[in-house]
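For ligands, and for the atoms within them, numbers begin at 1 and follow the listed sequence. We're numbering straight along the sequence, starting at 1. Remember, predicted model here, so these are calculated numbers, not experimental data.
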Amino acid sequence: MSSSSVNLEEIPSESLMNELLRRMKCASKPENCLILIGPPGSGKGTQSLVIKDEYCLCHLATGDMLRAAVSAKTPLGIKAKEAVDKGELVSDDLVVGIIDEAMKKPSCHKGFIPDGFPRTVVQAQKLDEMLDRQGVKIDKVLYFEIDDSILEERITGRWIHPASGRSYHTEFAPPKIPGVDDVTGESLIQRKDDTAAVLRSRLEAFHKQTESVINYYSKKGLVTKLNAEKSPKDVTDDIRKVLS
Ligand code: AP5
């Protein structure tokens, strides 16, 4: 057995059964590629985790992947660290490589939700090329529209569970026990770039580099605007309406 293969005998029956049931449910779902675009703190991560399960899509959050690489000090993480810490964008080549690799995972066979990608027009063009090669089309681009003034409170109150990507908020989405993930009981952390000062650079990068991506997809007739100032539940309901 190669070092990367999994010994199924080691996996508990309940987990195997749940995975089997998930695959059976997903077999009848159409293939989808949904792109989520919005400024930091607009709720992309929060909503991705809900819709990925409902629509059997894999969630490809470039920010989460970069932070994991930085904390594991991989060669990619070492290259990305400075930009991530400062709230600037890392190079297009680096991020495109991560997404290209991640899209090949078996969990992505029914489609994917790139979250935080593409963030530049070059990344959008590269994504088009990757999808063309796979014969997959972008179904919708969901634009999380929100006023900048709301974001500082959301970002500075956020706590995350790094392993799953679940995010909480001290006021808007508190965990059952402060500082503890509801599902695993593991500790929550605050992201290093979740400060008011770094948020300013992240917002600047959004307005300067990512808003043009919204125009890129608008010209293709793919963009649906969501009012991301509503409650998380109301935003989920609006997404369901758009996707139904
Ligand atoms: P990334 O991790 O993608 O961060 P981001 O885009 O800044 O987005 P966030 O994760 O901060 O916000 P979110 O919209 O997911 O908000 P959430 O749902 O958690 O990127 C980080 C860095 O990586 C970048 O700065 C860059 O350096 C690099 N990078 C990543 N991708 C790149 C790329 N493609 N190219 C180049 N560089 C790249 O919600 C926030 C908080 O609000 C939570 O606490 C949540 O509980 C709460 N909340 C959510 N929804 C609501 C609601 N409706 N009402 C009230 N509270 C809410």
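- Ranked by closest heavy atom to atom 15 (O) of ligand 1, the top entry among P39, G38, S201, G45 is G45.
- Nearest to atom 10 (O) of ligand 1 among the protein's heavy atoms is R191 NH1, 3.0 Å.
- The existence of a salt bridge linking R166 and D181 is confirmed by a sub-4.0 Å separation between a basic side-chain nitrogen and an acidic carboxylate oxygen.
- Considering only heavy atoms from C-beta on, Q47 comes within 4.5 Å of T236 through its side chain.
- Per-residue contacts place I155 under 4.0 angstrom from the following atoms of ligand 1 (heavy atoms of the residue considered): 11 (O).
- Ligand 1 has no nitrogen or oxygen under 3.5 angstrom from a nitrogen or oxygen of W159.
- Checking only distances, D193 never comes within under 3.5 Å of ligand 1, N or O to N or O.
- Of all protein heavy atoms, the one lying nearest to atom 26 (C) of ligand 1 is E88 O, 3.3 Å.
- Here the heavy atom of the protein found nearest to atom 41 (C) of ligand 1 is R154 O, 3.5 Å.
- In this structure, N227 and V235 approach most closely via the heavy-atom pair O-CG2, 3.8 Å.
- Of the protein's heavy atoms, T46 OG1, 2.6 Å lies nearest to atom 18 (O) of ligand 1.
- For the 3.5 Å distance criterion, the side chains of S91 and D93 fail to qualify, holding no donor opposite an acceptor.
- Residue contacts with ligand 1, taken as heavy atom pairs separated by less than 4.0 Å, involve Q123 solely via side-chain atoms from C-beta onward.
- Of all protein heavy atoms, the one closest to atom 9 (P) of ligand 1 is R158 NH1, 3.4 Å.
- Counting heavy-atom neighbours within 6.0 Å of K104 NZ, excluding the residue itself, gives a total above 12.
- With ligand atoms numbered from 1 in the order given, ligand 1 contributes 55 (C), 56 (N) to contacts under 4.0 Å with heavy atoms of F172.
- Closest to atom 53 (N) of ligand 1 among all protein heavy atoms lies K230 O, 2.8 Å.
- With hydrogens and angles disregarded, no donor-acceptor distance shorter than 3.5 Å links the side chain of R67 to the backbone of R191.
- When non-hydrogen atoms are compared, ligand 1 lies under 4.0 Å from the side chain of R202 (C-beta onward) but not from its backbone.
- Contacts between F206 and ligand 1, counted as non-hydrogen atom pairs separated by less than 4.0 Å, are absent for every part of the residue.
- Between K241 and D237 there is no salt bridge, since none of the side-chain N atoms of the basic residue sits less than 4.0 Å from a carboxylate O of the acidic one.
- Distances below 4.0 Å separate heavy atoms of P232 from the following atoms of ligand 1: 51 (C), 52 (C), 53 (N), 54 (N).
- By the criterion of a heavy-atom distance under 4.0 Å, the backbone of S231, and not its side chain, is placed next to ligand 1.
- When each atom of ligand 1 is checked for a heavy atom of V84 under 4.0 Å away, the hits are 27 (O).
- Shortest contact from atom 44 (O) of ligand 1 to any protein heavy atom: Y168 O, 2.8 Å.
- A donor atom on one side chain and an acceptor atom on the other are not found under 3.5 Å apart for H59 and D64.
- Summarising the geometry of H161 relative to S187, their closest heavy-atom pair is CD2-O, 4.2 Å, with the distance given to 0.1 Å.
- D115 places no side-chain N or O within donor-acceptor distance of the main-chain N or O of L36, the cut-off being under 3.5 Å.
- The closest heavy-atom contact to atom 3 (O) of ligand 1, among the options K44, R67, R119, comes from R119.
- With hydrogens and angles ignored, the 3.5 Å screen pairs a side-chain donor or acceptor of T210 with a backbone N or O of R119.
- Using modelled atom types, one finds a donor on one side chain and an acceptor on the other under 3.5 Å when comparing Y216 with D128.
- Proximity of I160 to ligand 1, defined as any heavy-atom pair under 4.0 Å, is not found for any part of the residue.
- Annotation: atom 28 (C) of ligand 1 to nearest protein heavy atom, L66 CD1, 3.5 Å.
- Salt bridge K225/D238: absent, no basic N to carboxylate O contact under 4.0 Å.
- Under 4.0 angstrom from ligand 1, the non-hydrogen atoms of V90 come from both its backbone and its side chain.
- Residue contacts with ligand 1 for V95 involve side-chain atoms from C-beta outward but no N, CA, C or O (heavy atoms, distance under 4.0 Å).
- Side chains of I99 and Q123 form no contact here, defined as non-hydrogen atoms less than 4.5 Å apart.
- Contacts between Q47 and ligand 1, counted as non-hydrogen atom pairs separated by less than 4.0 Å, are absent for every part of the residue.
- For G157, the heavy-atom gap to ligand 1 stays at 4.0 angstrom or more.
- The contact set between ligand 1 and T62, taken as ligand atoms under 4.0 Å from a residue heavy atom, comprises 30 (C), 31 (N), 32 (C), 34 (N).
- K44 places a side-chain N or O within donor-acceptor distance of the main-chain N or O of G38, the cut-off being under 3.5 Å.
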